[in-house]
Amino acid sequence: MEAAERFACRDDNLVIARDLRVSIRSVQRWRQAWSEGGIKALALEGSGLAAAAER
């Protein structure tokens with residue numbers, strides 16, 4: 001998942017949001033889930049992350 005790779009590289013939320021064409025708040029939620037549970041937690045975040053990954 002691109003978002004997880006970007007989090008691991010410590011990319012800024014604003015940059016990730018712009019590149020994935022999502023809100024900063026969405027990226028903040030994803031990063032929180034990732035920091036608490038890794039990539040498995042991101043899978044639980046629902047279709048928003050999956051839709052962003054397809055863009």
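Here, residue 1 is the first one in the sequence, and each next residue gets the next number.
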Hey, could you give me the [atom1]/[atom2] distance between [X] and [Y], rounded to the nearest 0.5 Å?
X   : Y   : atom1 : atom2 : value
I24 : N13 : CD1   : CG    : 7.5 Å
L20 : W30 : CG    : CH2   : 6.0 Å
I39 : F7  : CD1   : CZ    : 10.0 Å
E36 : R31 : CD    : CZ    : 13.0 Å
I16 : R21 : CD1   : CZ    : 15.5 Å

(message) I'd like to check E5 versus D11 (side-chain heavy atoms, cut-off strictly below 4.5 Å). Are they in contact?
(response)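 They are not in contact (no side-chain heavy atoms under 4.5 Å apart), so the answer is no.
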
(request) Report the C-alpha separation of V27 and R6 in whole Å, then their side-chain angles, then the decisive distance to 0.1 Å, and conclude whether the side chain to side chain contact (heavy atoms under 4.5 Å, CB included) test is met. (result) CA-CA 11 Å; V27 176; R6 305 281 298 269; over 6 Å; no

(message) Can you give me the closest heavy-atom contact between A41 and A33, atom names plus distance?
(response)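 Nearest pair, atom of A41 first, then A33: CB-O, 3.2 Å.
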
